[in-house]
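To start, the structure itself, in structure tokens.
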Amino acid sequence: MTKFLELCVQGIATGAQYALVALGFVIIYRATGVINFAQAGFVVLGAYLAYDFHITLGVPFYPALALAMLAGALIGVIVEATVLRRLVGQPPFVVIMITIGVLTIIEQIVPTIWGANPLPLGDPWGVKSKKVGDIVLRVSDLWTIGIVFGVVVLFFLFFRYTKFGVAMRATAVDLEAALAQGISVRGVVAVSWAIAGMVAALAGVTLAGGGAGVRPDIELVAFAAFPAIILGGLDSPGGAVVGGLIIGLAQSLTAGYQPEYASWLGQGFNLVMPYFVMIIVLMVRPYGLFGQRQVRRA
Amino acid sequence: MGGAGGREPILAVNNLEVAYGAGIVVLRGASLRVETGTIVALLGANGAGKTTLLRGVSGLLPTHRGEVVGGTVMLAGERIERMAAPNIVRRGLAQVMEGRRIFAELTVDENLRAGAYTRRDRGEVHRTYELVMSMFPVLERRRQQQAGYLSGGEQQMLAIGRALMASPRLLLLDEPSLGLAPLIVQQIRDIIVQINSTGTSVLLVEQNATMALSIAHHGYVMQNGRIMKEGPAEELLADEEIREFYLGVGEAGRRSFRDLKVRRRHRWSA
């Protein structure tokens, strides 16, 4: 039971990270219909920027985190304004290829500036752990869960109760009708990229925290959020969160029990598990658990 | 008939030419005026260019890869033909698009809030909201419901209410009666009259010519991207051609549809 609870907390923390990455994808997809592969690059950049603000420039950790998120927002806006805006109206395949191109550029820039070796993030969470009864919990996991939970609540409030949030949802439903209401679609798109850049930076920091260090291969973890996105439904922020948690839990429980109960599946099956879950869900619900359910009357 | 004499019309479209994509010309020099405070009906068959004209006025051409290639659109004396849609809404123009186009996944209240997007003064927005609710009691009962679950007529009322939330000086309505039961069409008709009586000018695009001309002050008939006929609504209502092609009654009494089609080609093309 102890082991099970520990695995659950770990899984939720991992899932929360996936959820953050997935939220970035979903927000851009809803506003623009673009599947932004560069999102994983934003995650890596965010982690390195936090490192620079905190370690190189000596800003205290939490302000440095906030600065990294701001910088991430800026990067998102710049990429949209300089690259993606020129592609409006192009076929989706072209746009996807361009975002992969942006990702490749980021992949090359990062080792050039920061090198390929892991760098210590210097986060206050470190490798510390906390004992609750018999259960040993990693402090970084608890912080990750707390931060992500906070962000998700803020998201919900923003989209539900602010004028701009409602405008963003309206634009996602019907872009032309939103324009006809006087909603600046260009503004909505810019803010979507800013938010995506912000949550990416936050995700990068949580991935690099807890003793993991800032590494270029954070990107791979970010890509592991893909099954979460597909699972939740590309256009559903709520689905991104639930999908992330399911994938995180599936992964950590597999890592915990599979070597013991199903060792014939070989080593590292936990890394395959997310895709396994994804495929099974897609066979039953092709549009994801929370993908667009049509409520329109014919 | 409204602001005759020196007053500037709320809308003046002069020789508007619009092309889509690589040179598909849809409007070939269309002109019309909406005098301040009046209802103007714009009639025409499918594909005549009515919706394109509305898009040219409201700035929605770019989303359809359309472009104004000639002519001007003046909103209360200001040129707007190349302005972005949000700026046009800010200047007092709201459009109810064909097919209602409500935000199905949003609640009724959220749809209305989206309609007031360009307005800053919360107190005034609230006053407009109360006004819209008094105009459409059906919406009041369904404020927190997802708009996609409303009936067709209710959705049309929501679309009109949403446009009113911008507190427009000029309201463009594109086929508000399309696909609605006769009783609902009556309601929509009365609502348009009510909106107009508060001082809002209306440009009404309709296939239902009887309904449109019964409330309009002035009317225009479009065909092939041009205005083919215009005049005071009662004149158009009495016009033989209009009666035949849009109202379905004519001097020859009952005739086969094919004959009508042939005659239409003779009279209005050339």
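Below, chains carry the letters A, B, ... as their sequence lines are ordered, and counting in each starts from 1.
Taking 4.5 Å as the heavy-atom cut-off, none of the residues of residues 15-26 of chain A approach chain B. Of all residues in residues 48-64 of chain B, those placing a non-hydrogen atom less than 4.5 angstrom from a non-hydrogen atom of chain A are B:Arg55, B:Leu60, B:Thr63, B:His64. Residues of residues 178-192 of chain A that come within less than 4.5 angstrom of chain B, heavy atom to heavy atom, are A:Ala178, A:Leu179, A:Ala180, A:Gln181, A:Gly182, A:Ile183, A:Ser184 in numerical order.
Contact of B:Arg113 with chain A is made through the side chain alone, with heavy-atom distances under 4.5 Å. Heavy atoms of B:Arg65 lying under 4.5 Å from chain A belong exclusively to its side chain. At a 4.5 Å heavy-atom cutoff, B:Ala159 makes no contact with chain A through either its backbone or its side chain.
For residues 148-165 of chain A, the pairs satisfying salt bridge (charged side-chain N to carboxylate O under 4.0 Å, His left out) are A:Arg160-B:Glu110, with sequence neighbours left out.
Annotation for A:Phe158: atom CZ counts as buried by contact number, over 12 foreign heavy atoms lying within 6.0 Å. Around the OH atom of A:Tyr275, the shell of radius 6.0 Å holds more than 12 heavy atoms that belong to other residues, nucleotides or ligands. Around the CD1 atom of A:Ile280, the shell of radius 6.0 Å holds more than 12 heavy atoms that belong to other residues, nucleotides or ligands.
Between atom CE of residue B:Met97 and atom CG of residue A:Asp174 there is a gap of 5.5 Å, rounded to the nearest 0.5 Å.
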